[in-house]
Each structure stands twice: as structure tokens, then as C-alpha cells.
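Structure, as C-alpha cells:
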Amino acid sequence: MAEYRKIRWGIIGLGNIAHQFAKDLKMIPDAELTAVGSRTIDKAQSFAQHYTAKKAYGSYDELIADPDIDIVYIATPHDSHASLTIKSLEHNKHVLCEKPVALNYSEALQMIETSRAQHKFFMEAFWTRFNPSVQEALLKIKNGEIGEVKYINADFAFNVGTPQERMIDIKTGGGSLLDMGVYPLFLAYVVLGTPDSVLASANFYESGADKQTSMILQYEDSQAILHSSFVSPSDMIATISGTEGRIRLNAIWHETQSYAVIKNNHKVTYQFPTKGKGFTYEIEECHRCIWSQKIQSDIWSHQNSLDLIKIVDEVRKQTGLKFPSEKELNTL
């Protein structure tokens, strides 16, 4: 076990999710927000002042080069995840990178190979995997509480009206699939594993980004029906159905505060209010791994990230969703 001390964080990309993350970071006694980086110094200084970060940088490279940072949280658009992660790892930083881990499997593999070569911790920031309700629900499923899982239904959908430019910018990986569709795909994966086949269809904006995508994941003896959308709302409840009952992750399911087990028309609800928004749990996992000198989490591993992005690649192949910077997709 490495000697205990506070973990010094740097945040790259100071949009909405970075604000939520920084609020939760302040709730962790073992964490220190050392520096923040943006493409403009004014934005960095404003963010740093608000969250009492010690340093503010007007470029990502300056933050990455700072020797006083232990781990970098990357919250930039999807297309820059791979390059910023690799550069950070090569500058002796641990990395927590927002989901999706990268634009595609090939990029994700390069990131993981760099983590291994540098022997630095790297994890995709799939905060839902560390949500207490999700953790408990998955444990009940593993212990056979609802029998054999046969069907999963999950979506992530809302009507954004006029979408922000970044949401539909095909150059940066915009669209509902990478922004939100990765969540229902994640749920199917953590419960049922990699599917035998995928059937997917999408509708698109003029930019080429998908406005809504529907997916059927086929397994040997079970199925998952999943959906993501920028153009219509949903109840945001996820249901995992087995031979002896079902588990419902209550709204908003990917950041849920509770879940229900329903068997023989009897429902029992379990409440697990999160600490802060819920980023706290993945932050704590990063700390545990760093202190233990591990380069990956046992809860959300490098292989888990590779498996999930490979499923995303297959959905994209099925729908024809392409990003300008890519050459080809590694699919199922």
C-alpha cells in the first residue's frame, strides 16, 4: 500500500459536467482540487475561484505538464478523450476520463496500452457503475433474487428542443448515442455481458449526428431493448426482468436514489440516497486504486471499457453513424 496523502486533482474541460464533478470533489476529504484548465484563461480563472482551485490554466497542455497534479479528470468533448488521456498518462498523470471512453475501440485500446506502458491508473468515468442502488441491484441479480435475467428495457431520452451545437457536432462525436445511449448499453452489458448480435436503427440531424437511436441486443436466451433520444422524453426507468421477478431502477435510473424488487405482485423499494450528485463514488474508487498502486479498477476495468465501446461501434456500424476523423470501426 502506498503512503497515504491527499490526491491532487486537475480538471480539463470546464463545462456543465465538470461543475457537477467539482462540487462532489469538494465533499471528499482526501481530494484536493489543485488546478483547472480551459481553452481560455478567463473561464479557467472563474472556475478556479468558484471551486477554490489553487491554479488556473488557459490551455490543457499547461495543466498536463504541472508536476503538482496526481490525476487528471478529462471532461472535454468525446473526440479529444484519447489524445488528452494519452498525453496525460505520458506526463506521469493518472487519468479519469469521461464516458464514452473514446470515439471507438481503436482509440480506447491505445489509451489502455499507454496506461499499461506508463503504469499509471486509468479509468473511464462510468459513475453509474458505482451508484449505491445500482451496486446493490446488481448484487441481488448475481445472487439469483429474480432468477435468470431474460429481458432488459432501458432508455435515456429527453426533448432538448434546439440542441446545443456541441450536442450535434459530428466532428466531436455528437449525437444521442455517445452522449446518452452508452448508458442503456452499459446496463445491458453489466447484467448480460457482450451480446451475440446487435440490431440498431437511427434518425439523424443534418449534421450527421443521430437524434435518436433504438437498439436490440440479442443474447443466447435473453434480449435487451434500448433507446436514446434528443427529440422526445421518457420516464427514465430501467427494468431488468428475470424468471422469478424483476428489478426496477427508479428515475432517473442512471443516477438513481432507489430501486425496487417486484416478485409475485409484491414490491419492495430500497432507498440509497447518493452522497452529492453521485460522482463521489467513482472519485473514491480512483483514490483506492491509486493508493494501492493499481492501474485499473476491479469494478470498472479496462476490459469493461473495451467491451462496451466495441458494442457502441457495432451499433454505429448498424446505423451508419460515422465520425470524420475515423478510418474504420472494429466491430463485433
Min side-chain heavy-atom separation [X]-[Y] under 4.5 Å:
X    : Y    : answer
I240 : I141 : yes
I311 : M215 : no
T85  : I74  : yes
W9   : L25  : yes
I290 : I71  : yes
F204 : L321 : yes
Y281 : K275 : yes
N104 : F323 : no

Looking at [X] and [Y], what are the two nearest heavy atoms and their distance?
X    : Y    : value
Y73  : A125 : CE1-CB, 4.4 Å
H81  : M111 : O-CE, 3.7 Å
F230 : D210 : CD1-O, 4.3 Å
I168 : S207 : O-OG, 2.6 Å
I69  : A35  : CD1-CB, 3.8 Å
S38  : K43  : OG-CD, 3.6 Å

Do [X] and [Y] share a hydrophobic cluster, counting only Ile, Leu, Val, Met, Phe, Trp and Tyr and linking them when any side-chain heavy atoms are less than 4.5 Å apart?
X    : Y    : value
V134 : V268 : yes
V231 : V160 : yes
F272 : I237 : no
M236 : I262 : no

Apart from I216 itself, members of its ILVMFWY cluster (side-chain separation under 4.5 Å) are Y151, L199, I225
What is the distance from atom [atom1] of [X] to atom [atom2] of [Y], rounded to the nearest 0.5 Å?
X    : Y    : atom1 : atom2 : result
Y259 : T269 : OH    : OG1   : 10.0 Å
K171 : L103 : NZ    : CG    : 13.5 Å
Y270 : S133 : OH    : OG    : 12.0 Å
E285 : S297 : CD    : OG    : 3.5 Å
I28  : L33  : CD1   : CG    : 13.0 Å
C286 : F122 : SG    : CZ    : 10.5 Å

T114 meets the side chain to side chain donor-acceptor pair (under 3.5 Å) criterion, sequence neighbours left out, with none
Would you mind writing out the side-chain donor-acceptor pairs for residues 11-18 within the sub-3.5 Å range, not counting sequence neighbours?
none

task = Starting from the C-alpha separation in whole Å, work towards a yes-or-no answer on side chain to side chain contact (heavy atoms under 4.5 Å, CB included) for L192 and I152.
result = CA-CA 9 Å; L192 294 171; I152 295 174; 3.7 Å; yes
Would a distance-only check, ignoring hydrogens and angles, find a side-chain to backbone donor-acceptor pair under 3.5 Å from [X] to [Y]?
X    : Y    : result
S80  : P77  : yes
H302 : I295 : yes
E255 : W253 : no
H227 : T213 : yes
K93  : H91  : yes
D313 : Y105 : yes
S292 : K294 : no
E62  : Y57  : no
H287 : A31  : no
D24  : G278 : yes

With sequence neighbours left out, the residues meeting salt bridge (charged side-chain N to carboxylate O under 4.0 Å, His left out) with D61 are K87
Scan side-chain atoms only and decide if [X] and [Y] contain a donor-acceptor pair under the 3.5 Å cut-off.
X    : Y    : answer
Q212 : N203 : yes
E314 : Q318 : yes
N250 : T256 : no

query = Please walk me through it: do K26 and T52 pass side chain to side chain contact (heavy atoms under 4.5 Å, CB included)?
reply = CA-CA 9 Å; K26 290 174 72 70; T52 61; 3.3 Å; yes
What donor-acceptor contacts under 3.5 angstrom involve side-chain atoms of residues 177-189, with partners at least two apart or in another chain?
from : atom 1 : to   : atom 2 : distance (Å)
D179 : OD1    : H78  : NE2    : 2.8
D179 : OD2    : R166 : NH1    : 3.2
Y183 : OH     : K99  : NZ     : 3.1
Y183 : OH     : W127 : NE1    : 3.0
Y189 : OH     : N304 : ND2    : 2.9
Y189 : OH     : D307 : OD2    : 2.7

**Report entry** Worked verdict on S301 versus Q303 for side chain to side chain donor-acceptor pair (under 3.5 Å)
**Finding:** CA-CA 5 Å; S301 69; Q303 189 60 52; over 6 Å; no
More than 12 non-hydrogen atoms from neighbouring residues, nucleotides or ligands closer than 6.0 Å to [atom1] on [X], yes or no?
X    : atom1 : value
Q49  : CD    : no
Q135 : CD    : yes
N143 : CG    : yes

- Query: Can E145 and K263 be said to form a side chain to side chain contact (heavy atoms under 4.5 Å, CB included), step by step?
  - Reply: CA-CA 9 Å; E145 182 77 15; K263 299 174 71 173; 4.0 Å; yes
**Report entry** Side-chain ion pair, D68 and K55, N-O less than 4.0 Å
**Finding:** yes
Quick note, salt bridge (charged side-chain N to carboxylate O under 4.0 Å, His left out) partners involving residues 123-142, not counting sequence neighbours, are none
| field | Worked verdict on M123 versus E282 for side chain to side chain contact (heavy atoms under 4.5 Å, CB included) | value | CA-CA 9 Å; M123 188 174 78; E282 68 178 2; 4.3 Å; yes
